[in-house]
Amino acid sequence: MAALLGHILKTQKNSSFIRSVTRRTIDTSFFSSLHEPTFKITPLSQVRLLGSCTEGVCGFDEMVTGKERKYYMLGGKGGVGKTSCAASLAVRFANHGHPTMVVSTDPAHSLSDSFAQDLTGGRLVPVEGVESPLYALEINPEKSMEEFRAASQKLGDGMGVKSLMQSMGLGMIADQDIRSCARMIFPDFVALFQVMQFLESQEYNMFSRIVFDTAPTGHTLRLLSLPDFMDGSVGKLMKLKKKMGSAFKSLLGKEPQNDGPDKLEKLKERVEKIRDLFQDSDTTEFIIVTIPTVMAISESSRLHASLKKEKISVKRLIVNQVLPPTSDCKFCSMRRKDQMRAIEMIHNDSELCGLRLCQAPLVDMEIRGVPALKYMGDKLWR
């Protein structure tokens, strides 16, 4: 152990890295020298394409090609390792020359734990130990709500909704209704507002890769369907406003004095931009993360079906925590047989069999900190 720490002290001068090592953050040499596995690990370069596809790798060369901005959203059932996969992808992009940002939209954040670094506060935080700029962000609901209110005021309270309600004589309850609406869809709405900022703010222009660590399946589907929902809702509000304006004019002989429709139109345009972004297969890809269990793969199949309905591009399926073959451990052998049966479900599943399969091994330590994430990324994203 003393020799190991001496080697790390010589090769890593950054004090934050040293502190992370004492918290069991690991690098490649740490895996190989301190925790040699008792069984042979199957090389992850031998990743198969499912269905009728031939043998192949996860296709990272395709993902890293080009300097135009691309978005990658990783999601799936809770507890399958979405955060580790997203963080390792962000590290790998940064080490291949892409200024990268990784964003957690999960209300129960674990990105800070994955990087072994405090990322709270709702602001971009630089991640150390990578070759190109890498920033991480855990969306802070309270801070984001204040930013949304500030942006709303610039466009007109509630982005036109409050003005519309005032024109109908409902101004006294407008504030309360907007707050109630925000609470109902708050985590997803805040995430959507953050995507608006990525599209419109100069602060984010430098990033050529943006990786989303999304919430579990239900939250993510609601987020992805929110643009269509808002687009339809705003359209109905605009029609209602027009009808109310006509009724107002017929009763009083003049048009109501407000610019609600203009503000609603601006909101509608912004929502359409986000919807187009989500559905653009050239710039946005959703990657499903699962583990080799019947329950997780069944949910992944339903997730892919829902994503197709939303016209979201899905090309890859990560199967995480796969046990390697072994003859020395009866329990491990039984578990691997169960995992292989679960993976066979993917071959026979009409929703999943056409996706590119990427397997990530179950390792004997927690993947935490940039060196460990680099190790995972080198094995998975090939």
Original post:
Parallel, tilted or perpendicular: which describes the rings of Phe212 and Tyr71, with under 30° parallel and over 60° perpendicular?
Top reply: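 Rings of Phe212 and Tyr71: parallel, as their planes differ by under 30°.
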
Within the structure provided, determine whether [X] and [Y] are in side-chain contact (heavy-atom separation under 4.5 Å).
X	Y	value
Leu355	His304	yes
Ile287	Tyr72	yes
Phe278	Phe286	no
Ile288	Ile318	no
Met340	Val322	yes
Trp381	Val64	no

Ignoring hydrogens, what is the shortest heavy-atom contact between [X] and [Y]? Give both atom names and the distance.
X	Y	answer
Ser114	Ser84	OG-CA, 4.1 Å
Val289	Ser300	O-OG, 4.3 Å
Leu74	Ala86	CD2-N, 3.6 Å
Val319	Ile291	CG1-C, 4.2 Å
Leu124	Glu203	CD1-OE2, 3.8 Å
Glu62	Arg356	OE1-NH2, 4.1 Å

Subject >> Derivation and outcome, side chain to side chain contact (heavy atoms under 4.5 Å, CB included), residues Met101 and Met206 >> reply: CA-CA 10 Å; Met101 175 169 56; Met206 65 174 286; over 6 Å; no

Are the charged groups of [X] and [Y] less than 4.0 angstrom apart, N to O?
X	Y	answer
Glu351	Arg302	no
Glu310	Arg275	no
Asp338	Arg341	yes

Original post:
Quick one: does Ser110's side chain have a donor or acceptor within less than 3.5 Å of a partner on Asp113's backbone?
Top reply: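 No: the side chain of Ser110 does not pair with the backbone of Asp113.
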
**OP:** Please answer whether the main-chain N or O of Cys358 pairs with a side-chain N or O of Arg316 as donor and acceptor at a distance below 3.5 Å.
**Re:**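 Side chain of Arg316 to backbone of Cys358, a donor-acceptor pair under 3.5 Å: no, none is there.
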
Original post:
Is it true that the side chains of Thr214 and Thr105 contain a donor and an acceptor less than 3.5 Å apart?
Top reply: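 No, no side-chain donor-acceptor pair sits under 3.5 Å.
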
Original post:
Is it the case that Thr326 and Asp328 place a side-chain donor and acceptor less than 3.5 Å from each other?
Top reply: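 Not at all, the side chains of Thr326 and Asp328 share no donor-acceptor pair under 3.5 Å.
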
Original post:
Around Lys67, counting heavy atoms of other residues, nucleotides and ligands shown, do more than 12 lie under 6.0 Å from its NZ?
Top reply: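 Yes, NZ of Lys67 has more than 12 neighbouring heavy atoms, counting only those of other groups under 6.0 Å.
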
Original post:
Who are the ring-ring contact (aromatic ring centres under 6.0 Å, His included) partners of His96, not counting sequence neighbours?
Top reply: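 If we apply the ring-ring contact (aromatic ring centres under 6.0 Å, His included) test to His96, skipping adjacent residues, the hits are Phe60.
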
**OP:** Begin from the C-alpha positions of Ser112 and Glu138 and carry the test side chain to side chain donor-acceptor pair (under 3.5 Å) through to its verdict.
**Re:** CA-CA 8 Å; Ser112 289; Glu138 288 184 341; 3.2 Å; yes

**OP:** Please round to the nearest 0.5 Å and tell me the distance separating atom CE of Met345 and atom OG1 of Thr290.
**Re:**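 Output value for this atom pair is 9.0 Å.
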
Original post:
With hydrophobic residues grouped by side-chain heavy-atom distances under 4.5 Å, do Leu303 and Val294 end up in a single group?
Top reply: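 Hydrophobic grouping puts Leu303 with Val294.
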
**OP:** Could you please spell out the steps behind the side chain to side chain donor-acceptor pair (under 3.5 Å) verdict for Ser104 and Asp106?
**Re:** CA-CA 5 Å; Ser104 172; Asp106 191 342; 5.8 Å; no

